[in-house]
Amino acid sequence: QFVWTRNEYENFGAGVQIGRPFGIGITDRIEMYAIVAVVFAIAAFAIVNLKRATSGLVFAAMRSSEPASTTTGISIVRAKLAIFGVSAFVAGLGGGLYATVVGTALPKSFNALVGIVWLAIVVTWGVRSVVGALLAGMIFAIAPQRLCIILVLVFFLVVSGIFTRFAMQRAYRNVAG
């Protein structure tokens with residue numbers, strides 16, 4: 001993180017200007033959101049079809065049991081590299097579209113703590129479903145960045161509440177015997 005926050009890499013605070021994708025001269029944000037929605041629909045359709053295809057069955061078998069998958073002849077290394085490539089492509093596509101909507105790319109635009117909160121939201125709503133990604137993306141687009149502080153506080157309160165509950169249950173079991 002230290003290397004990428006140097007002034008030489010972020011154009012001395014101005015960031016890198018990102019144009020609209022495909023050379024489209026769109027200036028309205030609503031039209032850009034429509035393009036992002038179309039790209040998301042295409043990517044979601046491709047991912048759903050990938051999950052239903054033979055490759056998706058290989059990934060599901062590998063997720064269930066790697067040793068059993070190996071005994072059926074599935075190459076674990078090849079499958080993991082393939083799914084990593086697909087996930088990296090989707091993440092890069094999403095990051096690129098986010099940068100085109102915002103207009104500039106700065107290291108300050110991509111806060112790690114905010115990313116962890118949004119990852120928690122996606123995992124909560126279902127990391128294996130396209131609907132979970134859609135809901136998290138809609139909340140991210142609708143909710144201002146300032147609300148992320150509230151989400152972080154809620155996240156920490158929920159986690160501390162869960163730990164407190166487990167600690168109280170453990171203490172009660174020790175007392176009750």
Side-chain angles (χ1 to χ4, degrees), residues 1-6 9-11 15-66 68-70 72-143 145 148 151 155:
Q1 185 178 6
F2 175 72
V3 172
W4 299 112
T5 57
R6 293 181 56 188
Y9 295 115
E10 64 179 38
N11 198 12
V16 178
Q17 298 297 325
I18 307 292
R20 299 297 186 198
F22 316 117
I24 301 172
I26 294 176
T27 57
D28 188 25
R29 279 185 95 119
I30 303 293
E31 293 176 2
M32 189 60 205
Y33 283 134
I35 290 175
V36 169
V38 168
V39 171
F40 175 80
I42 293 169
F45 180 74
I47 289 171
V48 167
N49 283 335
L50 177 70
K51 286 171 71 173
R52 292 180 183 166
T54 307
S55 299
L57 295 175
V58 167
F59 301 144
M62 190 178 64
R63 183 177 59 233
S64 297
S65 174
E66 284 188 21
S69 301
T70 305
T72 60
I74 295 173
S75 173
I76 301 297
V77 174
R78 184 183 303 154
K80 283 187 177 185
L81 283 174
I83 197 66
F84 178 76
V86 169
S87 64
F89 173 76
V90 172
L93 183 67
L97 287 174
Y98 175 72
T100 59
V101 169
V102 173
T104 59
L106 285 166
K108 297 172 187 168
S109 301
F110 304 99
N111 189 352
L113 188 59
V114 173
I116 290 171
V117 170
W118 290 112
L119 176 66
I121 289 172
V122 170
V123 169
T124 302
W125 282 331
V127 74
R128 295 180 188 159
S129 70
V130 175
V131 176
L134 176 66
L135 289 175
M138 288 174 57
I139 295 293
F140 188 77
I142 294 170
Q145 292 288 335
C148 291
L151 289 173
F155 176 73

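No experiment lies behind these values; they were computed from the predicted model shown. Residues: numbered from 1 along the sequence shown.
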**OP:** To the nearest 0.5 Å, tell me how far Ile42 CD1 sits from Leu93 CG.
**Re:**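 If we round to the nearest 0.5 Å, Ile42:CD1 and Leu93:CG are 9.5 Å apart.
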
Name all residues meeting the side-chain contact (heavy atoms from CB on, under 4.5 Å) criterion together with [X]; count only those two or more places apart in sequence or in a different chain, and write none if there are none.
| X | answer |
| --- | --- |
| Ala34 | none |
| Thr70 | Ile76 |
| Leu50 | Ser55, Phe59, Val86 |
| Phe45 | Asn49 |

Subject >> Val36 and Met32, any side-chain heavy atoms less than 4.5 Å apart >> reply: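 They are in contact (side-chain heavy atoms under 4.5 Å apart), so the answer is yes.
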
Original post:
Phe40 versus Val130: any side-chain heavy-atom pair under 4.5 Å?
Top reply: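 Heavy-atom side-chain distance check passes, below 4.5 Å.
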
Provide the full list of salt bridge (Lys or Arg N to Asp or Glu O under 4.0 Å) pairs with a residue in [range], sequence neighbours left out, each pair given once.
| range | value |
| --- | --- |
| residues 80-95 | Glu66-Lys80 |
| residues 33-52 | none |
| residues 83-107 | none |

Original post:
Where is the tightest heavy-atom contact between Ala61 and Ser69, given as atom of each residue plus distance?
Top reply: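 Heavy atoms of Ala61 and Ser69 come nearest at O-OG, 2.8 Å.
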
Original post:
What closest approach, in Å, do Met62 and Ala79 show between heavy atoms, and which atom pair accounts for it?
Top reply: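 Residues Met62 and Ala79, closest heavy atoms: SD-CB, 3.7 Å.
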
